[in-house]
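Data block below; observations after.
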Amino acid sequence: MDEKVLSIDKTTLEMLDKAKKDGVKTAWDRKAELKAACGFGAAGVCCRNCNLGPCRVSPVPGKGVERGICGADAGVIVSRNFARMVAGGAAAHSDHGRSIALELYHTSPDGDIKVKDEKKLMKVAKRFNVPTEGRDIYDIAHDVAQAGLNDFGRQMGEVNFPPTLPKKRKEIWDNLGITPRGFDREVVSIMHSTHIGCMADAEPMIKMALRCGLADGWMGSYMATEFSDIMFGTPKSIDTEANLGVLGGNSVNIVLHGHEPSLSEMIVQAAEEPEMIALAKEQGADGINLCGMCCTANEATMRHGIKLAGNFMQQELAVVTGAVEALVVDVQCIFPALAKLSESYHTKFITTSPKAYIKGSVRMEMDEEHPLQTAREIVKAAIMNFKNRDKSKVMIPELKSEAIVGYSTEEILNKLDGVVNSQIGPMQTTKPLGDVIVAGVLRGAAGVVGCNNPKVQHDFGHIETIKGLIKNDIIVVVTGCAAQAAAKAGLLKKEARELAGPGLKKVCELVDIPPVLHMGSCVDISRILELVGSVANQLGTDISDLPVVGVAPEWMSEKAVSIGCYVVASGIDTWLGVVPPVTGSPEVVDILTNKMEDWLGAKFFIQPDPHKAVDEIVNRINEKRKKLGI
Ligand code: SF4
Ligand code: SF4
């Protein structure tokens, strides 16, 4: 196997070489061992929703077996499988959001988790109709948390949508019958309707998937982001570094991996305590070096500038460096393979969430009432493991890149204020962004998001897409593992504006920003919704009128499918760089890539070639601009 083709990232290739020498396997090896994927699964036409089956029908219409034992045809099976992916993804975000809401509910002035951003609390309280006048901050926080939690399981009445949701968009949802009613309810509805003998019509099935996705984007993920900001602080631009080269040669390296910010927040606090630093020095280390992986990294870097060790496909490679004392995880996107891999090195693989125990890991469950105490124990375990490091096995790649992160919506508004005449105003609005888009200085905006996937060359899709877009004066915002790819490639530096087209370059100079803005983790895609919703409201249009697109060049998770659904249902065209398992039903493909446009003013585009995707995006954005008369 020629490893050069596996990744465009040099440190990844170096570490893959080392893994081979060390005789350990990675996800790329396991992918190769699996050989060609099953064609029925890849096309989405196998069903095992009941024990009459499993059934698999022909992915080619008119040829072979057309129906499962119950009579479900390819359209039914594919649409049900697709909807279940959305439910799985939305459920992950739902549980993440719920944990955050419960943490907000339990905040107290003398607890480990406090209210850090009162201004944001007031803003969120207003949208949940929670009274604030003359009230104790913590009473307000608890009421906000309660109101949010009510929307997870709401049975009657309307949920609270944020004011950034344009009226016209909401009307479209109401007319289509896809306005979410309660987050958990939408997940359950899909699990019910995909049961044998329920929904057997692709179109309403996909509409249910959209409704569930919308509950994710505009409810659960939105709340997760808002409530995290309230407790842990709203991000502001901050410098950091990215790639496996951020591991310290003589430091206690702790890699935080997973999703929920509370774990990383507590560990950041614990690792800064003087006693911990002294203990690390006693063990012969220079200090404690915290770095992150996947979305936990994004949360911690946005708020503290914690270094980004890498993205999804690099999680095993961090261990392969031989320099990680502890790999600490909570939930989602954590390879179970890490348990076995860690046995070949001194790394302690520590699981902390009862939602994601992994056999072979060291379990150190976060004590919900005293999370800081658990974090201290974890940091201590990492420090005491430093002496077990086998120097002969250590190889830390030299490569790392500088990056600026921390562009929350609030921070973007702060930056935009820099180009507003304070005597004329208005301040703290998206007007300058709307103005440059209307004027054509910026052709449009794109959110590049999502995972890594060994079906495609690691990071290639992310980087080629982003470079192509900024060259065409399309400003890019990034989240998730796409953001880390951009950070590693140096695209989150202000100097990257040299790669941008003239309009974007000028805007970056005036506003003093990089051409690619890191907006956070996967749940923080709600920040992108907040931003585009605000621009649409300010221009008096709907989101689908704006020259804005979403791209997931290397997506892999069910969460990404849920995200794709809510982005399209919000009126944003979405490009997928990896083909979803829907090709076995021409009807479903037609709904996703064609019909949706009539319903929502936006649709999916499937384009594995990032260069072609950029051309398609530029054309589509030009069309939208023409329609808008700008
Ligand atoms: S639900 Fe229908 S298609 Fe699916 S396994 Fe059962 S019988 Fe087969
Ligand atoms: S972008 Fe994808 S791989 Fe990365 S953390 Fe999010 S869901 Fe997981």
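Just so you know, ligand 1 is whichever comes first in the structure, and atom 1 is the first atom listed for that ligand.
For ligand 1, the atoms sitting less than 4.0 Å from at least one non-hydrogen atom of Cys47 are 1 (S), 3 (S), 4 (Fe), 5 (S), numbered in the order shown with element in parentheses. Per-residue contacts place Cys481 under 4.0 angstrom from the following atoms of ligand 2 (heavy atoms of the residue considered): 1 (S), 3 (S), 4 (Fe), 5 (S). Below 4.0 Å from some heavy atom of Gly450 lie the following atoms of ligand 2, by number and element: 1 (S). Every atom of ligand 2 with a heavy atom of Met556 under 4.0 Å away is listed here by number and element: 3 (S). Ligand-side atoms of ligand 2 in range of Lys559: 7 (S), 8 (Fe), range being under 4.0 angstrom from any heavy atom. Each of the atoms 5 (S), 6 (Fe) of ligand 2 lies under 4.0 Å from some heavy atom of Cys295. Within the listing of ligand 1, atoms 3 (S), 5 (S), 7 (S), 8 (Fe) sit less than 4.0 angstrom from a heavy atom of Cys55. Atoms of ligand 1 lying under 4.0 Å from any heavy atom of Leu52, numbered from 1 in the order shown and given with element: 7 (S). In summary, the atoms of ligand 1 found under 4.0 Å from a heavy atom of Gly53, numbered by their order in the structure, are 5 (S). In the vicinity of Phe312, heavy-atom distances shorter than 4.0 Å reach the ligand 2 atoms 3 (S). Residue contact check: Cys294 has heavy atoms under 4.0 Å from atoms 5 (S) of ligand 2.
The proximity of Arg67 to ligand 1, defined as any non-hydrogen pair under 4.0 Å, does not occur for either the backbone or the side chain. Under 4.0 Å from ligand 2, the heavy atoms of Ser557 that appear belong solely to its side chain. At a heavy-atom distance under 4.0 Å, no atom of Gln332 approaches ligand 2.
Under 3.5 Å, the side chains of Ser353 and Asp330 contain no donor-acceptor pair of N or O atoms. A donor-acceptor contact under 3.5 angstrom links the side chains of His458 and Asn311, judged on distance only. A side-chain donor-acceptor contact under 3.5 Å links Glu265 and His304. Defined by atom type and a distance below 3.5 Å, a donor-acceptor pair is missing between the side-chain atoms of Asp459 and Gln484.
Among Ala200, Cys50, Cys198, the residue whose heavy atom lies nearest to atom 6 (Fe) of ligand 1 is Cys50.
Stacking of Arg98 on the aromatic ring of Phe183 is not recorded, the 6.0 Å distance cut-off and the 45° axial limit not both being met.
Contact annotation: Cys522 places no N, O or S atom under 2.8 Å from atom 8 (Fe) of ligand 2. Taking 2.8 Å as the criterion, Cys70 counts as a coordinating residue of atom 2 (Fe) of ligand 1, since one of its N, O or S atoms falls below it.
Under 4.0 Å is where a charged nitrogen must lie from a carboxylate oxygen, and between Lys10 and Glu14 no such pair does. Taking the charged nitrogens against the carboxylate oxygens, Lys236 and Glu410 have no contact shorter than 4.0 Å, which rules out a salt bridge. The existence of a salt bridge linking Asp229 and Arg527 is confirmed by a sub-4.0 Å separation between a basic side-chain nitrogen and an acidic carboxylate oxygen. Salt bridge absent: Lys493 and Glu402 never bring a charged side-chain N and a carboxylate O closer than 4.0 Å.
Nearest protein heavy-atom contact of atom 8 (Fe) of ligand 2 is Cys333 SG, 2.3 Å. Scanning all protein heavy atoms for the shortest distance to atom 5 (S) of ligand 2 gives His259 NE2, 3.3 Å. Among protein heavy atoms, the minimum distance from atom 3 (S) of ligand 2 is reached at Cys451 CB, 3.4 Å. Here the protein heavy atom with the shortest distance to atom 1 (S) of ligand 1 is Arg80 NH2, 3.5 Å.
Between Gly75 and Ala202, the shortest heavy-atom contact is O-CB, 3.7 Å.
Taking the six-membered ring where tryptophan is involved, the planes of Trp575 and Phe605 are essentially parallel, since the angle between them stays under 30° and well short of 60°. The aromatic rings of His96 and His93 sit perpendicular, their planes meeting at an angle over 60°, well past the 30° parallel limit.
Rounded to the nearest 0.5 angstrom, Leu210 CG and Tyr566 OH are separated by 13.5 Å.
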